[in-house]
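Encoded as structure tokens, the structure appears first; notes follow it.
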Amino acid sequence: MEITINKTNLSVIQGDITNQTTEAIVNAANPGLMGGGGVDGAIHRTGGPAILEECKEIIARQGRLPTGKAVITGGGNLRASYVIHTVGPVWHGGGRDEAELLRSAYRESLRLASEKRLTGISFPSISTGAYGYPLDEAAQIAVGTVVAFLKEQETSLTDVVFVLFDARAYDSYRSALEEIADGSHAA
Ligand code: ADP
């Protein structure tokens, strides 16, 4: 499933984000930037120790990364040249600003990519694993935020890809994109 917004192709695929060839991939990190499980663990395993070294330097310089913010490192051994590390919200039931913090994680990642004049960025499903955000709600926020950003700004991005690890997440993101495409005739 793919639509075009301004000059950017926005697509939803099922796959492993560590194999993506976009110039940047996004990591669903935690505030300590020390690696962990899920997609974070996979990115550090495949990318090698150089990414963690850069993360440690960032933490030493600026402290822990607040929820909703993003930072960028090199991609180490990944096919992507850069990793954008962002922290999504932990789901507490919806009353702790989770939706706005999730929007912010996507927006800040896109803003960094755009500032660096990157050509492509791949996103995982931020917050829907260990952080427990309900999948369908997260998918609508993720797709809605990216579409709004691309409509509002001229960017360097030719490709934005949502890379979903399993079929259930893929279906959820594809439905969210279809809904938006139908609503705005963006396809
Ligand atoms: P969070 O802590 O933000 O919830 P997780 O890594 O636990 O992050 O999960 C986020 C999503 O990433 C989940 O949907 C999970 O299935 C998915 N995921 C795990 N490994 C990969 C991978 N290699 N590529 C893409 N997505 C992945």
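For the numbers below, each heavy atom of this structure counts, side chains included, while hydrogens, waters and symmetry mates do not. Counting convention: from 1, in listed order, for ligands and their atoms alike.
- Under a 4.0 Å heavy-atom criterion, S127 is in contact with ligand 1.
- The only option from D159, T155, T158 that meets the side-chain contact (heavy atoms from CB on, under 4.5 Å) definition with T8 turns out to be T155.
- Polar contact check, F165 against ligand 1: no nitrogen or oxygen pair lies under 3.5 Å apart.
- Taking a distance limit of 4.0 Å, we find that atom 19 (C) of ligand 1 is approached by some protein heavy atom.
- Polar contact with ligand 1: present for Y131 (N/O pair, distance under 3.5 Å).
- Residues Y82 and T73 bring no donor and acceptor atom of their side chains to less than 3.5 Å of each other.
- In this structure, S175 contributes its side chain and D171 its backbone to a donor-acceptor pair below 3.5 Å.
- With respect to atom 23 (N) of ligand 1, the closest heavy atom belonging to the protein is D16 OD1, 2.9 Å.
- Residue contacts with ligand 1 for A130 involve both N, CA, C or O and side-chain atoms from C-beta outward (heavy atoms, distance under 4.0 Å).
- The existence of a salt bridge linking E108 and R103 is excluded, since no basic side-chain nitrogen approaches an acidic carboxylate oxygen closer than 4.0 Å.
- The aromatic ring centroids of Y106 and F123 lie less than 6.0 Å from each other.
- Remark: minimum distance from atom 4 (O) of ligand 1 to any protein heavy atom is reached at G129 N, 2.8 Å.
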Residues 136-146 side chain polar contacts: donor-acceptor under 3.5 Å, at least two apart:
from: D136; atom 1: OD1; to: S172; atom 2: OG; distance (Å): 2.6
from: T145; atom 1: OG1; to: I141; atom 2: O; distance (Å): 2.6

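- Considering only non-hydrogen protein atoms, atom 8 (O) of ligand 1 sits nearest to A28 CB, 3.9 Å.
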Start with the C-alpha gap between T119 and E23, add the side-chain angles, then the distance that decides, and say whether side-chain hydrogen bond (donor to acceptor under 3.5 Å, both in side chains) holds. CA-CA 6 Å; T119 55; E23 195 172 8; 3.2 Å; yes
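- Considering both main-chain and side-chain atoms, D40 never comes within under 3.5 Å of ligand 1 through any nitrogen or oxygen pair.
- Set against the non-hydrogen atoms of T128, the atoms of ligand 1 under 4.0 Å away are 4 (O), 13 (C), 14 (O).
- Judged by distance alone, with hydrogens and angles left aside, the side-chain atoms of E54 form a donor-acceptor pair with the main-chain N or O of G74 at under 3.5 Å.
- Among all protein heavy atoms, the one lying closest to atom 6 (O) of ligand 1 is V39 N, 2.8 Å.
- With sequence neighbours excluded, the residues satisfying side chain to side chain contact (heavy atoms under 4.5 Å, CB included) with A169 are L135, L164, D166.
- Residue contacts with ligand 1 include S125, since one or more of its heavy atoms lies under 4.0 Å from the ligand.
- Formation of a donor-acceptor pair under 3.5 Å by the E98 side chain with backbone atoms of R96 is found in this model.
- Closest to atom 24 (N) of ligand 1 among all protein heavy atoms lies I17 N, 2.9 Å.
- Among the atoms of P124, none of the N or O lies under 3.5 angstrom from an N or O of ligand 1.
- Shown in contact with A42 at under 4.0 Å from a heavy atom are these atoms of ligand 1, numbered in order with element: 23 (N).
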